[in-house]
Every structure is written in structure tokens, then in C-alpha cells.
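Notes follow once the structure below has been shown.
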There are 2 protein chains.
Amino acid sequence: MRLSKRGEYGLRAMIALAEPAEKGSAPKMMQIKEISERENISTKFLEQILLALKNAGLVHSKMGVGGGYYLARPAKDITFGQIFRVLDGPVAPIKCVSQMAYEPCGCPDEATCGLRLVMGDVRNAISDILDKTSLADVTKRQAAVRKKLGIK
Amino acid sequence: MRLSKRGEYGLRAMIALAEPAEKGSAPKMMQIKEISERENISTKFLEQILLALKNAGLVHSKMGVGGGYYLARPAKDITFGQIFRVLDGPVAPIKCVSQMAYEPCGCPDEATCGLRLVMGDVRNAISDILDKTSLADVTKRQAAVRKKLGIK
DNA sequence: CAAAAGTCTACTTGTGTTATAGACTTTATA
DNA sequence: TATAAAGTCTATAACACAAGTAGACTTTTG
């Protein structure tokens, strides 16, 4: 049940873009290099990932001197599920329980397939979290943890 | 978040072994071929999978004429989590939230890492299901569904 | 026009998944 | 006790995919 590096880096980048955006409400712009250095990600690889997120409409960008990336919408309106699906595809562990990319899995009878029953539960549990957690939710949680640990 | 074919086939096979075992309490023995034909799995591939499950102590086998595989314990004492981990490894989407195979993931501060917070929730949600669902639970659910659909 | 930034496509490289092959061991039973 | 039916074990092939690298191109600012 692994998250790919692509997905990991993309989520980290989006969190980075969301983090300081909560203070001022102006969307914060960051450059690829800035993110890649901070998160220790190959610049070239991150480039592709950000491009995919851009083409999916989750971030916008500005070209040229002083350019960079910024969230396309307020952090509270972007969920982990949206980001994940762009970078790693469907959430479901097996195609026959996927909402976004259903395909029959070849069992004799789907309705009574034991594996399908359980994997359906798993899919729902995962998407329950991913689709209900926004970038804003996470920056809030981060702030709460920091406070609890004594500001920092 | 994909379940591998290896994991899929292994889980299907275990469910097959558990299914009729509920009637009589004698553990049902099935041959590789029997399972592979019923579930449409390459016999040779399934062989390896069953062997792994055997070495992990989840099934026992009998060699020679009239041999086959059977569950090592009652179906209620074998969980999806146990089977999954043998065949597909840790449940956690990212190493730094794994209970069974922890490794640092390289973020500057684990305690306040936003990705880790969310993926920790995901891990818990998955293992909550997988570790609390036994093979017996599933055969029961299957029976309930069948009844609801008009016996069959 | 030069430099700084993002865009786009292709390629490489390594690793893992999904098998397939074949020789070997154990057991029942004719 | 030979034979056939079963599981055991290890190697390797074929392929796909992930992860990363490269480089040429476009846009924007000063």
C-alpha cells in the first residue's frame, strides 16, 4: 500500500505552498528551486510533478523573472485526495471497488466476492480521510502540534 | 494504493480455504490446482504464494497423493492483515508511519510533518480494517449477502 | 537583449512484479 | 515396491513502472 515518491513529493510541495498562505490571505508564490531545496527533492523531478499539478488545475504558475507556483484555490478547498489522484491515480486497492476508475476484477460474482467486500471497506476508509482533509486542515494541525511542543 | 496480484491471489486463496471450513469444523483441504482453476490463477504462481503463506505459518500442507493445503488455525483467528503483510509487506503508505517497518522518511521534523500526520491516519484506518477482519468475518458476510439476494 | 523562471518531451536506469521452468521430495496405494 | 499424485524449492525471464536526468524551448522582467 505504498505512496510513490511522486505522490510524496507532490504532497510535500503542496503543503509547503499552503503553509504560509494562512497568515496573509494572498497566495504565497514559491519557486521550484526553493521547494526542492527545502524538501530535499531533485529539482528536475519536482518540476514534472508541479507541472502535472498545474495541468490538473491545482496550482497556477507565473513564468519569467520573479515567477513561481502558487495554489490555484484557497488551501481549505484543496484536498489530499485531489492531489493524490493526480499523481498516483485511483485510491482503491483493487479496480473493482474504485469509484473513479472501476473495472471488473474477474471474480465469478462481484456481489458475493469476499475480497471485494473487504477492499471496498478499505477504499472507503482511505478516501474518507484523503477527501475530507484539506491543506488548510493540515497546516492547522501542524500549528497545533507546534504550540503543544512549546512554540518553536 | 494498489494491492499486488500476489496479495490479491493469496487473499482469494485464503478465503477459498476458509469458506467451507465453517460448515464442518474440520479444516478443509484444497489442492493448488483446485484453487487456481476456481479463481483463475496461474498454478505455478499460486504455488509460490501458498508456499510463502505456509512458511509464514498461516497454512499447513500435506504432501503426496491426496495432499493439499488447509488453514493452520480456525478462520476466525486469521486476519486479512496477517495475510497481507506476508505477501505485500507493511500496510503503511510511507515508512515513517509504519508500525512493523519504521524508517525515517527524511523530513526535517517528524513531529510536525504534515504529510506524516495525514499518512499516519491513513495507516491506522487501513490496519483498523485489515487487522480486525478475520477470514471467518468475511465468510459470514458473504453468507449474509447471499441470503439477502435470495439464497443462490 | 540577457538572465531568470517555467514548459515540454524524450530518454535512461534500476527495481519490482508477474510469471514460467524444471528438478526434487514426500506420500498413498495398487 | 514402483508409480503417480501431490507439494517444495530455486532460478530466471519478460515486462512494466518508478524515479531520475537531460536538454531544448518559451515567457517575462529589467
Side-chain angles (χ1 to χ4, degrees), chain A residues 1-13 17 28-37 39-72 84 86-90 93-95 105-106, chain B residues 1-13 17 27-37 39-72 84 86-90 93-95 101 105-106:
Chain A
M1 291 296 198
R2 201 41 122 265
L3 175 68
S4 72
K5 284 292 175 189
R6 188 175 149 91
E8 177 187 331
Y9 295 161
L11 288 167
R12 283 193 197 288
L17 285 173
K28 185 193 177 188
M29 186 145 70
M30 289 181 85
Q31 295 177 356
I32 295 179
K33 217 174 181 178
E34 214 177 328
I35 302 174
S36 74
E37 276 169 9
E39 303 284 343
N40 244 336
I41 305 174
S42 147
T43 304
K44 273 301 197 180
F45 193 20
L46 182 58
E47 196 181 289
Q48 289 178 24
I49 294 167
L50 255 0
L51 199 54
L53 292 171
K54 184 206 153 110
N55 291 332
L58 295 179
V59 296
H60 289 158
S61 64
K62 189 170 174 254
M63 269 185 146
V65 177
Y69 285 91
Y70 55 96
L71 298 185
F84 182 95
V86 168
L87 300 173
D88 272 27
I94 195 167
K95 297 158 292 174
C105 53
Chain B
M1 290 298 199
R2 202 41 120 267
L3 175 68
S4 72
K5 283 292 175 189
R6 187 174 150 92
E8 178 187 331
Y9 296 160
L11 287 167
R12 282 194 199 287
L17 286 173
K28 184 191 179 193
M29 187 144 69
M30 287 181 87
Q31 295 177 356
I32 295 179
K33 216 174 181 179
E34 213 177 329
I35 302 175
S36 75
E37 275 169 12
E39 303 284 343
N40 243 336
I41 304 172
S42 147
T43 305
K44 272 300 197 178
F45 193 20
L46 183 58
E47 195 182 289
Q48 289 178 24
I49 294 166
L50 254 1
L51 199 52
L53 291 170
K54 184 205 152 111
N55 290 332
L58 295 178
V59 296
H60 289 156
S61 64
K62 188 167 175 259
M63 270 183 144
V65 176
Y69 285 91
Y70 54 96
L71 298 184
F84 181 96
V86 168
L87 299 174
D88 272 26
I94 195 168
K95 296 159 292 174
C105 54

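The chains referred to below are lettered A, B, ... by the order of the sequence lines, with proteins before strands, and numbering in each begins at 1. Heavy-atom basis, side chains included; hydrogens, waters and symmetry copies ignored.
Remark: P of C/dT15 and CZ of B/R6 are 19 Å apart, rounded to the nearest angstrom. One can place CE of A/M29 at 16 Å from P of C/dA4, the figure rounded to the nearest angstrom. Nucleotide C/dT17 holds its P atom 12 Å from the CG atom of B/L3, rounded to whole Å. Whole-Å rounding puts the B/L87 CG to C/dA19 C1' distance at 15 Å. Residue A/E34 contributes atom CD, which lies 15 Å from atom P of C/dA4 at whole-angstrom precision. Rounding to whole angstrom units, CD1 of residue B/I49 and P of D/dC9 are separated by 16 Å. One atom, CD1 of B/I41, and another, P of C/dT17, lie 17 Å apart when rounded to the nearest Å. At whole-Å resolution of the value, NZ in B/K33 and P in D/dA5 are 9 Å apart.
Residues B/R12 and A/C105 form a side-chain contact, since some pair of their non-hydrogen atoms from C-beta on lies under 4.5 Å apart. Taking 4.5 Å as the limit, some side-chain heavy atom of B/I35 sits within range of a side-chain heavy atom of B/L17.
Distances shorter than 4.0 Å separate some side-chain N or O of A/S4 from OP1 or OP2 on D/dA19. A sub-4.0 Å separation between OP1 or OP2 of C/dT7 and a side-chain N or O of A/K54 is present.
Nearest heavy atoms, B/E47 versus B/Y69: O-OH, 4.5 Å. A/A13 approaches A/L46 most closely through the heavy-atom pair CB-CD1, 4.1 Å. The two residues A/V86 and A/A52 have their closest heavy-atom pair at CG1-O, 3.9 Å.
When distances run from any side-chain atom of A/Y69 to the nucleotides C/dT7, D/dA19, C/dA5, the shortest one goes to C/dT7.
If you check every strand for non-hydrogen atoms under 4.0 Å, B/L50 touches nothing. Within the 4.0 angstrom heavy-atom criterion, only backbone atoms of the sugar-phosphate kind lie near B/K62; the bases stay farther away.
Across the interface with DNA chain D, nearest-nucleotide mapping of A/G66 and A/G7 shows A/G7 to be the residue nearer the 5′ end. Comparing A/N55 and A/V65 by the nucleotide of DNA chain C whose heavy atom lies nearest to each, the residue mapping closer to the 5' end is A/V65.
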Enumerate all atom pairs, one protein N or O and one N or O from nucleotides 20-26 of chain D, separated by less than 3.5 Å.
{"unit_1": "D/dT21", "atom_1": "OP2", "unit_2": "A/S42", "atom_2": "OG", "d": "3.4"}
{"unit_1": "D/dT21", "atom_1": "O4", "unit_2": "A/Q48", "atom_2": "NE2", "d": "2.2"}
{"unit_1": "D/dG23", "atom_1": "N7", "unit_2": "A/K44", "atom_2": "NZ", "d": "3.3"}
{"unit_1": "D/dG23", "atom_1": "O6", "unit_2": "A/K44", "atom_2": "NZ", "d": "2.4"}

| said: Assess the residue pair B/K95 and A/R2 against the criterion (side-chain contact (heavy atoms from CB on, under 4.5 Å)); give the C-alpha distance rounded to whole Å, side-chain angles, the decisive distance to 0.1 Å, and a yes or no. | reply: CA-CA 9 Å; B/K95 296 159 292 174; A/R2 201 41 122 265; 3.7 Å; yes
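Remark: side-chain polar atoms of B/D88 are not paired, donor with acceptor, to backbone N or O of B/L3 under 3.5 angstrom.
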